[in-house]
Structure formats: C-alpha cells, structure tokens
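Okay, so here's the structure we're looking at.
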Amino acid sequence: MRISRPYSGVSRSGATARTGPHALPLARIKKIMKRSAGDGSGGDGAGARMISGEAPVVFSRACELFVAELTQAAWAATLEGRRRTVHAEDVAAAVRDTDLFDFLVDVVKPRPGDDSVGDGVGLAPAAGAHGGALD
C-alpha cells in the first residue's frame, strides 16, 4: 500500500513548496517559462511542452532573491541622493554601478550628459510592458 505524502519534501511555513505561499504567482512563472523556451533557443526550436511542478517554485524563489538584491543596491543609491524614496534613477544607478547586474545595462537609459543615445535617467520601456510579449 502506498502512503500518500506531499508532492515535495520542501516545506515553507507548514505548507508544501508546491502549494505554499509564494510572492510571485506560479502559473504566471510557468507561462513565461513556456513562452521563453518556445522561442527556438532550446536547440531544436520545439520549446518546452512540459514543465515540472517544482521548476516554477525554484524560479519564484530566484526572482525573490534577485528583486531583494536589486532593491538593496537601489536603496544604497537612494541614500547617496539623501532621499527616502527609491526612484527609477536609483534602480538604473544600481544596474550601472553593480557588476552583478551587467546583463540589464541595455534596459537602463544612460545618464544625462553621457555620449550614449537617451534623454534621461531611468529605465527604458521594456518591449513587453503592459500587453507586450510577456503577457
């Protein structure tokens, strides 16, 4: 006789990792994963048809850690500006000043006075923002 047990042995505050409270919706993460895997970058171009139930949980936690790290760097930029509110320019400064976020440099507008193209400091609009490719 098989004993029933939780889907995953990983627990978060009394709930299993699959059904536990998450900061980001797992269905949304899974949708992004499927769409991203289907862009042909997976070798044969077929994309991922199936994603295990545990993969979005790992991505959710990774996203939480990423946002926390970026927020800490942006907060440091906010304090340098002697303010108490994080602005887009603080996030942009964190991306520019932290090697860890080099992959986001193309998303950030250049500072005023830089020789690069751009008209201000902040975040450039994402291609999928508000109804774009990631919705």
Side-chain angles (χ1 to χ4, degrees):
M1 177 176 186
R2 185 175 170 177
I3 301 171
S4 67
R5 56 189 164 124
Y7 179 79
S8 173
V10 180
S11 294
R12 294 178 106 191
S13 60
T16 67
R18 182 174 179 164
T19 60
H22 300 285
L24 300 171
L26 298 181
R28 177 78 172 127
I29 292 172
K30 194 169 185 177
K31 186 176 183 181
I32 293 169
M33 289 173 68
K34 282 188 174 187
R35 185 169 294 138
S36 297
D39 67 0
S41 62
D44 62 359
R49 291 185 183 157
M50 305 222 9
I51 296 172
S52 78
E54 293 171 338
V57 173
V58 174
F59 272 89
S60 176
R61 183 64 181 138
C63 289
E64 289 176 33
L65 294 172
F66 169 74
V67 170
E69 191 71 26
L70 184 56
T71 301
Q72 287 176 348
W75 179 247
T78 302
L79 294 178
E80 274 184 28
R82 297 183 181 190
R83 289 178 280 108
R84 303 277 305 161
T85 304
V86 177
H87 296 282
E89 65 229 29
D90 300 320
V91 178
V95 167
R96 279 191 304 271
D97 299 341
T98 308
D99 291 340
L100 181 65
F101 304 123
D102 279 348
F103 68 97
L104 292 173
V105 169
D106 295 336
V107 178
V108 177
K109 292 181 183 177
R111 293 179 190 153
D114 281 356
D115 292 335
S116 306
V117 178
D119 57 280
V121 176
L123 300 178
H130 307 293
L134 294 180
D135 287 335

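Following chains of ILVMFWY side-chain contacts shorter than 4.5 Å, one cannot reach Val58 starting from Leu24, and the two form parts of different hydrophobic clusters.
Distance CG/Asp97 to CG/Asp90: 10.5 Å, rounded to 0.5 Å. The CD1 atom of Ile51 sits 10.5 Å away from the CD1 atom of Ile32 when rounded to the nearest 0.5 Å.
Side chains of Trp75 and Arg84 form a contact here, defined as non-hydrogen atoms less than 4.5 Å apart. In this structure the side chain of Thr98 never reaches within 4.5 angstrom of the side chain of Glu69, judged on heavy atoms.
Of the listed residues (Met33, Arg35, Lys34), just one forms a side chain to side chain contact (heavy atoms under 4.5 Å, CB included) with Lys31, and that residue is Arg35.
Of all heavy-atom pairs between Glu89 and Arg96, the closest is O-NH2, 4.5 Å. Ala94 and Phe101 get closest at one heavy-atom pair: O-CD1, 3.8 Å. Residues Thr85 and Thr78 come closest through the heavy atom pair O-CG2, 3.3 Å.
Ser60 contributes no side-chain N or O that, together with a main-chain N or O of Pro56, makes up a donor-acceptor pair within less than 3.5 Å.
Ring geometry, Phe66 versus Phe103: the interplanar angle falls from 30° to 60°, so the pair is classed tilted.
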**Request:** Determine, step by step, whether Leu70 and Val95 satisfy the side chain to side chain contact (heavy atoms under 4.5 Å, CB included) criterion, reporting the C-alpha distance in whole Å, the side-chain angles of both residues, the deciding distance to 0.1 Å, and the verdict.
**Result:** CA-CA 8 Å; Leu70 184 56; Val95 167; 4.0 Å; yes
